[in-house]
Amino acid sequence: KKSSRFFESELPRMSKKAAAEKPKKMTEKDATSLVTNYLNEQNRPFNAKQIFENLHGKDIGVGQAMVTKILADLVSKGKVSTKTYKGKDIFWASQDRFGDMTEESGKELEATIKSLQTEEDNLAKQNAQQQRINARLSATPKNDALEAELQAEQKRVEALRERIQKLRGGIKAVDPKDKTKLEKKYSEVRREWINRKRKVWTKVKSKRRAERNVKREDMKGKIEKKSED
């Protein structure tokens with residue numbers, strides 16, 4: 001079943017200026033065709049007011065009185081069925097146009113419905129996949145942005161190359177003899193530092209040992225004095 005929006009696209013399009021003016025009255029023949037097609041496409045019950053509102057009768061020059069008259073004519077011709085429900089006349093497209101439903105035609109219709117449902121599911125999956133692809137493409141930088149980023153990177157690379165060239169040109173090689181002298185001097189200084197460190201550590205340990213001995217003797221003297229008392 002199609003929504004009434006389907007018919008909005010088929011209604012006469014009006015400019016803003018034309019919309020402000022009173023629409024030209026539609027002929028009864030055209031209005032009858034519009035109402036008939038609407039009921040056949042929707043294939044569900046409506047009252048006259050609902051049909052009038054769904055078709056935007058005021059905007060296309062079709063009054064509710066004309067809709068009511070058209071429905072009565074269609075009922076008399078057997079194209080539309082009607083029934084009174086809660087005090088209102090309900091109208092729907094005559095089901096005679098579908099013919100008698102046989103078991104074979106019912107199975108064919110059921111098969112068609114399943115086929116359409118499968119097709120709809122496949123289209124929904126394809127649509128979801130396409131939306132994911134579109135989302136990824138939207139997140140991808142545009143060509144202009146990539147070009148600007150590439151140019152910026154090229155400038156940074158050139159600047160680094162120039163800096164490297166300057167550094168290479170400003171570095172002087174060390175003479176092997178001077179290098180040997182420096183290594184020898186370093187070894188001498190390191191040996192001296194190790195010797196001094198060892199001497200200092202020896203003195204520290206001796207001092208600590210002496211302090212412990214003094215404390216031990218002091219404690220021993222106190223204990224002996226206490227024993228004598």
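- Distance CG/L34 to CD1/I70: 8.5 Å, rounded to 0.5 Å.
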**Request:** In sequence, state the C-alpha distance, the side-chain angles, and the governing distance for V75 and F91, and then conclude on side-chain contact (heavy atoms from CB on, under 4.5 Å).
**Result:** CA-CA 8 Å; V75 169; F91 303 89; 3.9 Å; yes
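- The pair E158-R161 counts as a salt bridge, with a side-chain nitrogen and a carboxylate oxygen less than 4.0 angstrom apart.
- Between D73 and K77, no side-chain nitrogen of the basic residue sits less than 4.0 Å from a carboxylate oxygen of the acidic one, so the salt-bridge criterion is not met.
- Classification of E28 and K69 as a salt-bridged pair holds, one side-chain N sitting under 4.0 Å from a carboxylate O.
- When the shell of 6.0 Å around CD of E149 is examined, it contains 12 or fewer heavy atoms from other residues, nucleotides or ligands.
- For the side chain to side chain contact (heavy atoms under 4.5 Å, CB included) with I194, the qualifying choice from R196, K197, R190 is R190, the only one to do so.
- A donor atom on one side chain and an acceptor atom on the other are not found under 3.5 Å apart for Q42 and N54.
- One side chain, N134 or Q130, offers a donor N or O that lies under 3.5 Å from an acceptor on the other.
- Side chain to side chain, D121 and T118 fail the donor-acceptor criterion of an N or O pair below 3.5 Å.
- A donor-acceptor pair is defined here as one N or O able to donate and one able to accept, closer than 3.5 Å; such a pair exists between the side chain of N195 and the backbone of R191.
- Between the T84 side chain and the G87 main chain, no donor and acceptor come within less than 3.5 Å of each other.
- Ion pair E211/K215 not flagged as a salt bridge, since none of the NZ, NE, NH1 or NH2 atoms sits closer than 4.0 Å to an Asp/Glu carboxylate oxygen.
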**Prompt:** Given the rule in the side-chain contact (heavy atoms from CB on, under 4.5 Å) test, do V35 and V80 qualify, once you have shown the distances and angles that lead to the verdict?
**Reply:** CA-CA 10 Å; V35 172; V80 170; over 6 Å; no
**Message:** For a side-chain contact (heavy atoms from CB on, under 4.5 Å) check, start with the C-alpha distance between F52 and K58, then their side-chain angles and the critical distance, and finish with the verdict.
**Reply:** CA-CA 8 Å; F52 168 73; K58 290 183 179 180; 3.6 Å; yes
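- The number of heavy atoms from other shown groups lying within 6.0 Å of CD (E120) does not exceed 12.
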**Prompt:** What's the verdict on side-chain contact (heavy atoms from CB on, under 4.5 Å) for Q50 and N47, showing C-alpha distance, side-chain angles and the deciding distance?
**Reply:** CA-CA 5 Å; Q50 289 173 326; N47 60 39; 3.1 Å; yes
Identify every side-chain donor-acceptor pair in residues 201-210 under 3.5 Å, counting partners at least two apart or on other chains, and give the distances.
{"from": "T202", "atom 1": "OG1", "to": "R198", "atom 2": "O", "distance (Å)": "2.8"}
{"from": "S206", "atom 1": "OG", "to": "T202", "atom 2": "O", "distance (Å)": "3.0"}

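- Put simply, OG on S138 and CD1 on I133 are 11.5 Å apart, with the number rounded to the nearest 0.5 Å.
- Side-chain contact annotation: D89 with T82, donor-acceptor N/O pair under 3.5 Å absent.
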